[in-house]
Protein chains: 2
Amino acid sequence: MNIQNIIKQHHLELLFQQGLFGIEKESQRVYADGSIVTTEHPKAFGNRSFHPYIQTDFAESQLELVTPPSKTLDDALRWLSAIHEVTLRTLPENEYIFPFSMPAGLPAENQIKVAQLDNPEDVAYREHLVKSYGKYKQMVSGLHYNFQLDPAFVQALFEAQTEQKSAVDFQNDLYLKIAKNFLRYQWILLYFFSATPTVDENYFRNGTPLQPNQYVRSLRSSPFGYVNDPEIKVSFESLQAYADSLEHWVNSGKLIAEKEFYSNVRLRGAKKARDLVKTGIQYLEFRLFDLNPFAPCGITLEDAKFIHYFILLMAWLDHTADQDDVELGKTRLAEVAWEDPLSPTTYSVEGELVLLEMQNMLEALRVNDDIKTIVKEKFAQFANPNDTLCANIIVAIKKFGGYQKLGADIAKGNKKNASERFYALSAFDNMELSTQALMFDAIQKGLKVEILDERDQFLSLQYGDHIEYVKNGNMTSHDRYISPLIMENKVVTKKVLAKAGFNVPQSVEFTDIESVVKNFPLFENRAVVIKPKSTNFGLGITIFQHGVQNRDDFAKAVEIAFREDKEIMVEDYLVGTEYRFFVLGDQTLAVLLRVPANVIGDGVHSIKELVEMKNDHPLRGDGSRTPLKKIVLGDIEKLQLKEQGWTIDSIPPRDLIVQLRANSNISTGGDSIDMTDQMHESYKKIAVEISNAIGAAVCGVDLIIPDSAKPAEPHLKSWGVIEANFNPMMMMHIFPYAGQSRRVTLDVLKMLFPELCFK
Amino acid sequence: MNIQNIIKQHHLELLFQQGLFGIEKESQRVYADGSIVTTEHPKAFGNRSFHPYIQTDFAESQLELVTPPSKTLDDALRWLSAIHEVTLRTLPENEYIFPFSMPAGLPAENQIKVAQLDNPEDVAYREHLVKSYGKYKQMVSGLHYNFQLDPAFVQALFEAQTEQKSAVDFQNDLYLKIAKNFLRYQWILLYFFSATPTVDENYFRNGTPLQPNQYVRSLRSSPFGYVNDPEIKVSFESLQAYADSLEHWVNSGKLIAEKEFYSNVRLRGAKKARDLVKTGIQYLEFRLFDLNPFAPCGITLEDAKFIHYFILLMAWLDHTADQDDVELGKTRLAEVAWEDPLSPTTYSVEGELVLLEMQNMLEALRVNDDIKTIVKEKFAQFANPNDTLCANIIVAIKKFGGYQKLGADIAKGNKKNASERFYALSAFDNMELSTQALMFDAIQKGLKVEILDERDQFLSLQYGDHIEYVKNGNMTSHDRYISPLIMENKVVTKKVLAKAGFNVPQSVEFTDIESVVKNFPLFENRAVVIKPKSTNFGLGITIFQHGVQNRDDFAKAVEIAFREDKEIMVEDYLVGTEYRFFVLGDQTLAVLLRVPANVIGDGVHSIKELVEMKNDHPLRGDGSRTPLKKIVLGDIEKLQLKEQGWTIDSIPPRDLIVQLRANSNISTGGDSIDMTDQMHESYKKIAVEISNAIGAAVCGVDLIIPDSAKPAEPHLKSWGVIEANFNPMMMMHIFPYAGQSRRVTLDVLKMLFPELCFK
């Protein structure tokens, strides 16, 4: 089979480049000085028996972060970044993630605990490793790169060739070709991506093999790293031979299990190599990679893309490595690993030839220029070893005062960066903040998250066989469909609530200006609110707090309301303060007071300066990528100031609250203040009853309450409900401007997955 | 208290005119000849023990149609019309509603059955009436007009006056004033609205009191009509006196119960008159009115409005009638009732004086001109008795060949009219047809219907304490909120269905034109559908049924799809016929095939003529007020014809189907064909499983099936699901162009009210 010709003739270029990608990344939890922690895996990460994202590897201190299989590398790396953010923000304050594969600051061996997993077999396996290799060697971390060709590509290729009759055998041959060629040429990737020039000096039981001041490309891939006994040789000639030889070593007791065979390529798709013969190899796991300490997640997107095309090249090549080639490749890997990172490699000619082949392939596949640029830069590193990652690390080690110190500094920087926008999940920053918060919680607790539609904020969450779909962070299967439909329509909401016996301000609806104005006498001298039937953000609303005084003002307000809707309401105005109750099921989880945009005088700064200072608050921004919005000194604010006798340059006296807006919306710079603990319980109960009456699972109930300290009484003077909101904003409760944070997204998850234990 | 001054000074003019209105209308079921039926009350009307709209009065043949209390007379009459439509369309084919109050074609007394009610007391009461009055007298029907002043008006009036200290007493005094003045002047309404000039000659037990060819204004209100023994006198002086005298007659055995007192005004608000003293009179029931045979519902809107202002006048007048005045009024009523309808009334001077007062009131209240016009017309009838309703009836009786014949003809005409637009509920014709159908069923079965928002198709349905809210006819509490959100998004729907293991055509989503076109090789030669992610009505969809042949066509189709949405899908095209499965809960209730607009040749008519003939079908219209849409011969249709070698003037041969459209939407003139019985059960089961997987209670599932007679197989060649729709159109199943009607709205009601027995 000439794979290149088939791809060209059958226009399979795009299909060839598609596939599934997954990253697993091990790393040590460390203290601020870079030394490995002796604490337990944090309980906040839920249960490791099912956690799909945050696991432990060998040691209790050794995190293993796992991305879900993703259709693009961009997505895989977004997941890796998100999982990192969740992990870093969840770690105790004094813990960090070490950025290097080789450990530093190793504790005494007896202080290293193997991972405390639920399954006793998993623990036993780790105890065996301790006996065979010692604990220190097991503390090495790496990055595993999983790749599956698009099954449609394999199928198309199979149909286009004639030699192989069995589809499964064809698939196995194809993956074996990639595996063998990869093992043959893996040293090239090592040359570019190696990043373990040195290690903690305690690491070696029998004294360090490194000369003073000696650096190598990859201690991890060297015979002193994390490798099997050289005696263990496994054949890649055929899947049959592979299974035979692996079983031989297990049966002879040299390996405790097949998974103890640390090949840089693992054939995946079944638990036992023998089963692959029938089921077929489903994907390959490439385990060669040292953590890149300069990449916050251990690998850059560019490098990940280079690796992808390198893997494709292994399939694309005309020839397939045989077992001798494989062994040659392994030897060459060990040699290159021990080279001086600042010198050229012995095998640069071979490396350049392979990259030339790669460039030919890229031409044939008509890939984008960005890929070509990446390859060109790597190519140049054969001539300039100082540009390799490893060379850069050596420079940094010297500059930052040693290996452990450099690692600790990077670790601290990474944690600081990951916490900067603490209210967001940066990798999914084009989704709404509340969906980001829900995803954060789901990743932390180990629910499987799948993004069904990113623009539409549509998630699937899964625990075992239990699937729940969530839209916009709180729209779920627990709400009855009619509930949001009721809440969407203010008139219907009021009728339903009034029917159920709640205190609702009286109102009349109108569909034309004339009949409202004609009915002016009905409203004369009454305190009323004129509002469109169904708009939001306070548009079109006029409040006659002290009664409608004349027909012209009334007509004007009516006209403004009709600009927003075909139907308007004239509603009795309720005296009191408006509070937002966040109700979930049978509980009011949070109560919030929204205060119109304002600044507090200090007798020194002008209003303009006070606004600038207030806008510096980390929660304030554009209001969509941040929980709160910066105050804008626009026309409305200036008018509001003018009415109070101020300009933006006035300096208000100390402690005077200068109101900049009449409306309290967060979207116009308002403050959110948590009042959950201050609110009398009786109102929280009423909010729950209102939500239940509408049949909502999650509901934002707006109550007007004149005195929130006094218990609720049954009449409209004690409280009135003015609105019920489905899909209520959750961010303002999670990150209020003042008062306690209420992590309501976690409560949504608890509602959806009551069987899951949340700690 | 000077009520006129208070109203003027406190701007209560509008509030005075507000209130609640309700109509109860009795009438006899009759055969085509106008003779009273001897059949049972139809089972289709559900159970009379709770039916709020369709009851029986004295006899099993005597319908009592009851409107809900309505804020406007327009609404009350819409309800009355709707209840009539439901009743008329539900009656057996040979039964009608007699339009006169006085019966005709009376059967032998022993064939008249009293209403077979569940409550034995109700039946016993009727048996007592038989003994006291005979059956024939009980067969008289009337129209009762219920009116409640706006409680806010009564409250405002109470607050503005100083004489009366108790609010309840004040309210009782006010209603008593209206009652007494009404009884004093009721003869005026009789003069205008009386409509019982004669009766079936069998009606009188002891021979007719009418001279040959004598007509009177109102037999019903005369001493020969439906009145108590003249001995029974009840005092209206005070509520106390009223209760005392009523109790006296009951205790003495002259009345079996208080309700046997047939006053033309009943004080309502409690079961016993005595209780009214404490609870207060809540509203008044005016029982004076004969059925207007010319009004399809027994009363016109104009007359109802006149009566409203007449009642208001009774409150407005400076004076309050005393008991002598009441008795005078009753005597005068009897006199006017016996007058010759074609002659002026003896009391026209008093009548004109009262109407002058009324006109003064209307000026003071600044009412619209339409009311003034109505009053002016009535005023003129004092001078022109020939213009009264009764005079017109006499003309018609003569013209149509007798009383019974006239009644029968009108009855048949009313039923025909009510059935003309059999798919609609005319009074609520600005709502969607499916909501009209649901309301029809709910009214028929006796669920209390409340329209919460007419524009928004929002209903409340109630049976006992059980309330259900329904929007758009099928959006209910039974759907989970997440289900419609899933269905709204085609990409998410597909992912969810694929996850659940259903046959879904493969697809790829794109957000920009460039990347689709770049991926052209992925789709080359593949049969695909290119469509926007979330639009309806088939906009922006291109089908490459025989594979994408060239890049330009492909790019063009992509561009068209992007006009409709920011995101598009390229989906594998499935070969087969598309069917719509209407699923409710665990059942596929209907299967529909939609056929593109077409005509069938007859070898005689041109295509244009054939279209006109097809458009005459009663179901075809504008498509919103009718279940099907008329075919329009526009550009697309002409192009489609041209491709087949036709013009609109061509005459296609007999039985040739000429296709006028490529798409099968009903909205472009397509035909709907019920296939429920023809479809293999296995596909109906799959549709249910799909609906369940999404968590929908009501769902329209679109399946592509190559051979609907063969059982479903598990692969995509046997069937594929292309869409799931929430709020699926119900009308096309209820009124298909061809095949059996499926009354799915009734199934929605059964789902919502499983406790209700549907016959």
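Protein chains get the first letters and strands the later ones, always in sequence-line order, with residue 1 at the start of each.
Atom NZ of B/Lys372 has more than 12 neighbouring heavy atoms from other residues, nucleotides or ligands inside a 6.0 Å radius. Other residues, nucleotides and ligands contribute more than 12 heavy atoms inside 6.0 Å of the NZ atom of B/Lys8. Annotation for A/Arg480: atom CZ does not count as buried by contact number, only 12 or fewer foreign heavy atoms lying within 6.0 Å.
In terms of non-hydrogen atom pairs under 4.5 Å with chain B, the most contact-rich of A/His10, A/Lys499, A/Lys566 is A/Lys499. Taking chain A as the reference chain and counting heavy-atom pairs below 4.5 Å, the highest number among B/Val496, B/Val470, B/Thr511 is found for B/Val496. Heavy-atom pairs under 4.5 Å with chain A peak, among B/Leu15, B/Thr476, B/Val491, at B/Thr476. Options A/Ile467, A/Val492, A/Leu12, A/Asp456 differ in how many heavy-atom pairs under 4.5 Å they form with chain B, and the most are formed by A/Val492. Heavy-atom pairs under 4.5 Å with chain A peak, among B/Gln18, B/Lys518, B/Arg455, at B/Arg455.
If you measure heavy-atom distances from A/Asn519 to chain B, the contacts under 4.5 Å come from both the backbone and the side chain. Neither the backbone nor the side chain of B/Glu468 comes within contact range of chain A; no heavy atom of the residue lies under 4.5 Å from a heavy atom of that chain. Using a 4.5 Å cut-off between heavy atoms, B/Ile451 touches chain A through its backbone atoms (N, CA, C, O) alone. Proximity to chain A involves both the backbone and the side chain of B/Ile486, based on heavy atoms less than 4.5 angstrom apart. Residue contact with chain A, scored on non-hydrogen atoms closer than 4.5 Å, involves the side chain of B/Asn368 exclusively. With a 4.5 angstrom heavy-atom cutoff, A/Glu567 touches chain B only via side-chain atoms. When heavy atoms are compared at a cutoff of 4.5 Å, B/Tyr469 approaches chain A by way of both its backbone and its side chain. B/Gln506 does not touch chain A: none of its heavy atoms, backbone or side chain, sits under 4.5 Å away.
Looking only at side-chain heavy atoms (C-beta outward), A/Asp453 and B/Glu509 stay at 4.5 Å or farther from each other.
Residue A/Leu485 holds its CG atom at 11.0 Å from OG of B/Ser477, rounded to the nearest 0.5 Å. In this structure, the separation between NE2 on A/His11 and CG on B/Leu522 is 11.5 Å, given to the nearest 0.5 Å.
Classification of the A/Tyr481-B/Tyr481 ring pair by plane angle, with boundaries at 30° and 60°, yields parallel.
In this structure, B/Lys495 does not pair ionically with A/Glu450, as no charged nitrogen and carboxylate oxygen lie closer than 4.0 Å.
Considering all non-hydrogen atoms of both residues, A/Pro521 and B/Leu14 come closest at CD-CD1, 4.0 Å.
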